[in-house]
Amino acid sequence: MNKPLIGITCNSLPADGAGLPARTLANTDYITSIVRAGGVPLLLPPVPGDSACIRRQLLSLDGIVLTGGPDINPLLYGEEPLEKLGIVNHERDEYELELVRTAAELHKPLLGICRGAQMLNVAFGGTLHQDIHFSAGAQIKHFQTSAQREALWHTAIIEPASVLAVILGQSTLMVNSYHHQSVKELASGFIVAARAKDNLIEAIERPGDLFVLGIQWHPEILTKDHPVMLNLFQAFIKASLSKG
Ligand code: MN
């Protein structure tokens, strides 16, 4: 059986002014998790504004992982930047917006993680909390401060009528948490697939014949020790094999 080819979005860093040139990087955890789940990883450098290049990248792939990273420019979802907004990478935003929309058009499965989940929501017309403290009732600490990066941190309540519930096979899940933003208004055509106990959205999915799942936590850090987190990648790999 052919293994599916999975594109992994990268972050771009500008030259640092002290001798290091501009670079394009991805966290190794994404790569090892795709391999562990039976996929073949390929890094996707951002090529903002180059529609032909983006389309060609996608045509060669069976599925796309949208990775974590900096904040999404709020102008892209109709808001002015607020005081608690973090670093924004305009080139990466421009690239990933077109990547997501073209991927959907070409019927390529999408797995969004952290910023990637937020990008899915924005690309399909939703909005974000620029900082979760702007969300009424958000009390849980969503940027974990554990000494161990692999530690679990807070509870996620899984929506029973979701693909996520089928993938995980459980109604609650302990997750890690490395975010200060979250989905605010859900994009049309999406459902909430999981929430934290303070009601913050922890996962979204787009019901239909194409696999589109966004997860606010970082399963790629946890696939070695937690089979349920590997299930997420395996379900995505399976969908990528069948192109749906
Ligand atoms: Mn969280």
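Atoms within each ligand, like the ligands themselves, are counted from 1 in listed order.
Using bins of under 30°, 30° to 60° and over 60° for the plane-to-plane angle, the ring pair Phe143/Tyr178 lands in the perpendicular bin.
His142 contributes atom ND1 as its closest N/O/S atom to the Mn ion (ligand 1).
An angle of 100° is found at the Mn ion (ligand 1) between Glu202 atom OE2 and His179 atom NE2, rounded to 10°. Atoms OG of Ser177 and NE2 of His154, as seen from the Mn ion (ligand 1), are separated by an angle of 90°, to the nearest 10°.
Taking the ring centroids of His142 and His180, they lie at or beyond the 6.0 Å cut-off.
Not one N, O or S atom of Gln216 sits under 2.8 Å from the Mn ion (ligand 1).
Of the N and O atoms on the side chains of His179 and Ser177, at least one donor lies less than 3.5 Å from an acceptor on the other residue.
Here CD1 of Ile140 is found 7.0 Å from OG1 of Thr155. Values are rounded to the nearest 0.5 Å.
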